[in-house]
Amino acid sequence: MTTQSGTTPEIDTDVALIPRDLAADAAGRPRRPRRSRHRPAWEEPPGKVGAAVKFVVLAGVVLAVVFPLWTVVVTSLSTQAETIRAGGLVVVPGELTLNAYKQILSGGVVTRAALVSIGITAVGTVISTIVSVLAAYGLSRPSSLWHRPILFVFLITMFFGAGLIPTYLVVSGLGLVDSYWALILPGAVSAFNVLILRNFLMGLEPAILDAARIDGAGDWRILGRVVLPMSRAVVAVIALFYGVGYWNAFFNAILYINDNAKWPLQLVLRSYVLQGVTLPGSGVGQVDVATGAVTGLPVKMAVMVLAIVPILVVYPFVQRHFTKGVIFGAIKG
């Protein structure tokens, strides 16, 4: 572009590269970015009021989550005199001690229950994940035998259950009462998790699987060498679902376990913390006649901490796969 005098005007590259809605006005003040017509409102950068509201809401949510955990941990590390002085749960830490943890770990009841829960969670998660992956892979292949009727059966189990008494009769008929397998096999497969895996596997590129089949790979080799490496995110999420479910389960133990030595940690937690039952051989949970206060409050909180810590330790390693695995598996298919 040239002027009437035949000269080419100089262009300031710094100004030319600045978007029009961000360029300064005549007074030298930067203009406020205009909202794009092609993007929804929630994708636009928030203003000062919006940012302040978000900060307040998120701070409230974080406080609602952290404050109970803080109270439980501080109470478990406090002495009995400190809990009596605070009138129950301790918020401001005073004299800290590990006596509550030493007491429950030396009694044998909580330690044995924790080992039972760890074993059930580890074995159950492995079995459930393997069975779910195999079922999802078979249901995701259009050439699988009877895959549609079997899928329909899975869908029915999501809405209709057999009931408590028939389930107990089945477990009893299989001879699993008072056995650790009664805590694993009745809930070994979740139809919801299988459907998430199936939807994810159906979203894989068919050309990759066909190329592996042309190279002579069978279904087992395709599953182990091609499908599983591409499905690490969703498999990790499903394993987390199963692990949390096994770790927190206590109802099956109430139904099928008669021997107190086989109780998982969650059932011990329920019996001691909620119902106030004295743990045999632990020497805690008594009531002080003079004050009327439960002398085992720090011990109760210590048991709760031991029940929470394993999940808090495992979750950060799976969290990076969580959103990708669940969302991608849920929208495909």
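Predicted model only: the values in this text are computed from it and were never measured.
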Could you tell me which residues satisfy side-chain contact (heavy atoms from CB on, under 4.5 Å) with Ala100, sequence neighbours excluded, listed by chain and number?
Pro298, Val299, Ala302
For Val234, does its backbone N or O pair with a side-chain atom of Ser231 as donor and acceptor, under 3.5 Å?
no
Anything under 3.5 Å between a donor and an acceptor, one on a side chain of residues 123-136, the other on a protein residue two or more places apart or in another chain? List them.
{"from": "Thr125", "atom 1": "OG1", "to": "Thr121", "atom 2": "O", "distance (Å)": "2.5"}
{"from": "Ser128", "atom 1": "OG", "to": "Gly124", "atom 2": "O", "distance (Å)": "2.9"}
{"from": "Ser128", "atom 1": "OG", "to": "Ala188", "atom 2": "O", "distance (Å)": "2.6"}
{"from": "Ser128", "atom 1": "OG", "to": "Tyr246", "atom 2": "OH", "distance (Å)": "2.7"}
{"from": "Thr129", "atom 1": "OG1", "to": "Thr125", "atom 2": "O", "distance (Å)": "2.6"}
{"from": "Ser132", "atom 1": "OG", "to": "Ser128", "atom 2": "O", "distance (Å)": "2.8"}
{"from": "Ser132", "atom 1": "OG", "to": "Tyr242", "atom 2": "OH", "distance (Å)": "2.6"}

As an exercise, state the distance from CH2 of Trp263 to CG of Leu265, rounded to the nearest 0.5 Å.
12.5 Å
Got a second to check how far Phe251's CZ is from Arg270's CZ, nearest 0.5 Å?
9.0 Å
Working to the nearest 0.5 Å, report the span between CD1 of Ile222 and CG of Leu204.
11.5 Å
Within one Ile-Leu-Val-Met-Phe-Trp-Tyr cluster: Val313 and Val305, side-chain cutoff 4.5 Å
yes
Leu139 side chain reached by Leu195 side chain, heavy atoms, under 4.5 Å
no
Rounded distance (nearest 0.5 Å) linking atom CD1 of Ile120 with atom CG of Asn252:
9.5 Å
Has the side chain of Ser117 got a donor or acceptor atom that lies under 3.5 Å from a matching backbone atom of Ala114?
no
Give, for atom CG of Leu89 and atom OG of Ser78, the distance between the pair rounded to the nearest 0.5 Å.
9.5 Å
Just wondering, do Leu69 and Ile308 contact through their side chains at under 4.5 Å, heavy atoms?
yes
If I compare all heavy atoms of Ala249 with all of Pro264, which pair ends up nearest, and what's the gap?
O-CG, 4.4 Å
Linking I/L/V/M/F/W/Y whenever any side-chain heavy atoms sit under 4.5 Å apart, do Phe55 and Val66 land together?
no
Could you pull out the closest heavy-atom pair between Met301 and Val72, with the gap in Å?
CB-O, 3.5 Å
Do Val57 and Val49 land in one hydrophobic cluster if side-chain heavy atoms of ILVMFWY residues count as linked below 4.5 Å?
yes
Does CD1 belonging to Ile165 count more than 12 external heavy atoms closer than 6.0 Å?
no
What I'd like to find out is whether the side chain of Val237 reaches to under 4.5 Å of the side chain of Phe241, using heavy atoms alone.
yes
For the backbone of Val91 and the side chain of Trp70, can you confirm whether one donor and one acceptor N or O come within less than 3.5 Å of each other?
yes
Counting C-beta onward and ignoring hydrogens, is there a side-chain heavy-atom pair between Leu201 and Met230 closer than 4.5 Å?
no
Spatial distance of atom CG (Leu197) from atom CD1 (Ile238) [nearest 0.5 Å]
4.5 Å
Testing the basics here: between Met202 and Ser140, what is the closest heavy-atom pair and its distance to 0.1 Å?
CG-CB, 3.7 Å
Which heavy-atom pair separates Ala191 from Met158 by the least distance, and what is that distance?
CB-CG, 3.4 Å
Looking at Asp219 and Arg141, does any basic side-chain N land under 4.0 Å from a carboxylate oxygen?
no
Counting only pairs under 3.5 Å, give me each side-chain donor-acceptor contact of residues 168-186, with atom names and distances, residues two or more places apart or in other chains.
{"from": "Asp178", "atom 1": "OD1", "to": "Asn258", "atom 2": "N", "distance (Å)": "3.0"}
{"from": "Asp178", "atom 1": "OD1", "to": "Asp259", "atom 2": "N", "distance (Å)": "3.1"}
{"from": "Ser179", "atom 1": "OG", "to": "Trp181", "atom 2": "N", "distance (Å)": "3.3"}

Closest non-hydrogen atom pair, Glu82 against Val92:
OE2-O, 4.4 Å
